[in-house]
Amino acid sequence: MPPHAAPVAEHHPEPQLGLTFPDGFTWGAATSAYQIEGAAKEDGRGDSVWDTFCREPGRVRDGDTGEVAADHYHRYPSDLDLMKDLGLHSYRFSIAWPRVIPDGAGPVNQRGLDFYRRLIDGLHERDIVPMATLFHWDLPQSLQDRGGWESRDVAFRFADYAEAVFNALGDRVPNWLTINEPKTVVQNGYLSGVHAPGLVDPDAAYVVAHHLALGHGLAVNAFRASGVSARIGPALNLHPTYPADDSDGARAAALIEDGYENRLYLDPIFRGEYPADVMADLGPDSHLAKVIREGDLDIISGPVDLLAVQYYCPLYFNAQRRLTPRWPTSEAFWQQIYPDGMYDLLTRVNRDYGPVPISITENGIPTPDALAEDGTVDDAGRVTFLREHFAAAHRAIESGVKLESYHVWSLLDNFEWQEGYGQRWGLVYIDYASQRRILKRSARWFRDVIARNGV
Ligand code: FCB
């Protein structure tokens, strides 16, 4: 059991910190299409790289797949009621490219778009503001067959898809996000290979980084051209990096790793350039250096309206550039629980790239949740984790960060990629056998936080 998960009785009064957020602060929760929707073969949806990846033996724990997931595609009306019941102001979800353009390029599948129209209408009916991500890793398989994000063409196909979505739904969604965590695609999809498409190919990885950035920029251009009056920005997972000790070597390691973890994704968008130290580290003949064409960085750095930040943990590096964990972990081996990291990250991003409106679009923890005989789920560890992170965000606001909103990952337990259903990240417990939804202790607590606008 992780250190924060000591069981406490459900009726135990939750401690309060006496912190109130600014008026109008927006509280929400986040999900993504492949992780919750299921209905993988319905209404004309095409295969994505994750469908393929799940079919490959040994890729996902216990052979789990997203074919049914939380069955949200069918249960979205009651899931919307649940969001209303929690008092969510905002709901961040993603649109599945393979539902909208099943082959990645070519005709639009109206039935796919219709699902998202119904979902968005249902949010408006309940006064919940939609925040839609265009790409949360479910690349149409037919585009992967044509080279995936290694191919420059895919960035343009992404812009076509984005344009189709903006034309159909643009005005109904006030906040658009382009690409979820490009870094995870680079690192997990192409460096460690634990995510689809499951490659271990450092040369390809940084080419992919550039094409994801280009796709982002082209989608922002398409958004401006569509005339939609809403906001758009990138969704980046950022990790504050720290030296593991006092040595000069560790300090240098933390700095270059900050380049790979953060500046490689922030600088092209907010400064129109790749970080010089990362480019030097990769070398002048790197595949990344060769793939950047004239004008690309102008496209990538087209102005954005907001920055979506996803924070899970800090990273500590020793002089050998090796990760040296310092804080307690969770069921996710890569996580370290360090709320101050969120404060450091938000104030740093504001200082170096702001002022820009910031939304936290993901933050959360997996806990060993179980349905007790009395029908409750006592995820005390999640309550503690979130309370401390909300307090860190509050401190960042007091330090001048333009933080507008906070979306907890995740609304529902869901398909956690290579971990399958083995990790539970939701505020709401899913009994997968019956697809019954049960509010965890954290969901009830979060409802009070929202109602009080504070912790
Ligand atoms: C993020 C992903 C999200 C979820 C959480 C735990 O990296 O964007 O889909 O898997 O981690």
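If you're wondering where the values come from, they're calculated on a predicted model, not measured in any experiment. Just so you know, ligand 1 is whichever comes first in the structure, and atom 1 is the first atom listed for that ligand.
Contacts between N180 and ligand 1, counted as non-hydrogen atom pairs separated by less than 4.0 Å, involve the side chain only.
Distances below 4.0 Å separate heavy atoms of W137 from the following atoms of ligand 1: 2 (C), 7 (O), 8 (O). Counting atoms of ligand 1 from 1 in the listed order, those under 4.0 Å from a heavy atom of Q35 are 3 (C), 4 (C), 9 (O), 10 (O). If you number the atoms of ligand 1 from 1 as listed, the ones under 4.0 Å from a heavy atom of W409 come out as 3 (C), 4 (C), 5 (C), 6 (C), 9 (O). Of all the atoms in ligand 1, the ones that sit under 4.0 Å from a non-hydrogen atom of W417 are 3 (C), 4 (C), 9 (O), 10 (O). Residue contact check: W425 has heavy atoms under 4.0 Å from atoms 6 (C) of ligand 1. If you number the atoms of ligand 1 from 1 as listed, the ones under 4.0 Å from a heavy atom of H136 come out as 2 (C), 3 (C), 8 (O), 9 (O).
The shortest non-hydrogen separation linking V173 to P130 is CG1-O, 3.6 Å. Listed here is the closest heavy atom pair of I337 and T329: CD1-O, 3.6 Å.
Looking only at heavy atoms of the protein, atom 5 (C) of ligand 1 is closest to Y312 OH, 3.3 Å. Taking atom 7 (O) of ligand 1 as the reference point, the nearest protein heavy-atom neighbour is E181 OE1, 2.5 Å. Of the protein's heavy atoms, E362 OE1, 3.1 Å lies nearest to atom 1 (C) of ligand 1. Annotation: atom 10 (O) of ligand 1 to nearest protein heavy atom, E416 OE1, 2.7 Å.
A side-chain donor-acceptor contact under 3.5 Å links H216 and T178. A donor atom on one side chain and an acceptor atom on the other are found under 3.5 Å apart for D296 and H210.
In this structure, F53 has its ring center no closer than 6.0 Å to that of W417. Ring centroid separation for the pair H195 and W50 comes in under the 6.0 Å cut-off.
Relative orientation of the F390 and Y406 rings is perpendicular, given thresholds of 30° and 60° on the angle between their planes.
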Could you walk me through whether D121 and H124 pass side chain to side chain donor-acceptor pair (under 3.5 Å), step by step?
CA-CA 5 Å; D121 286 349; H124 285 297; over 6 Å; no

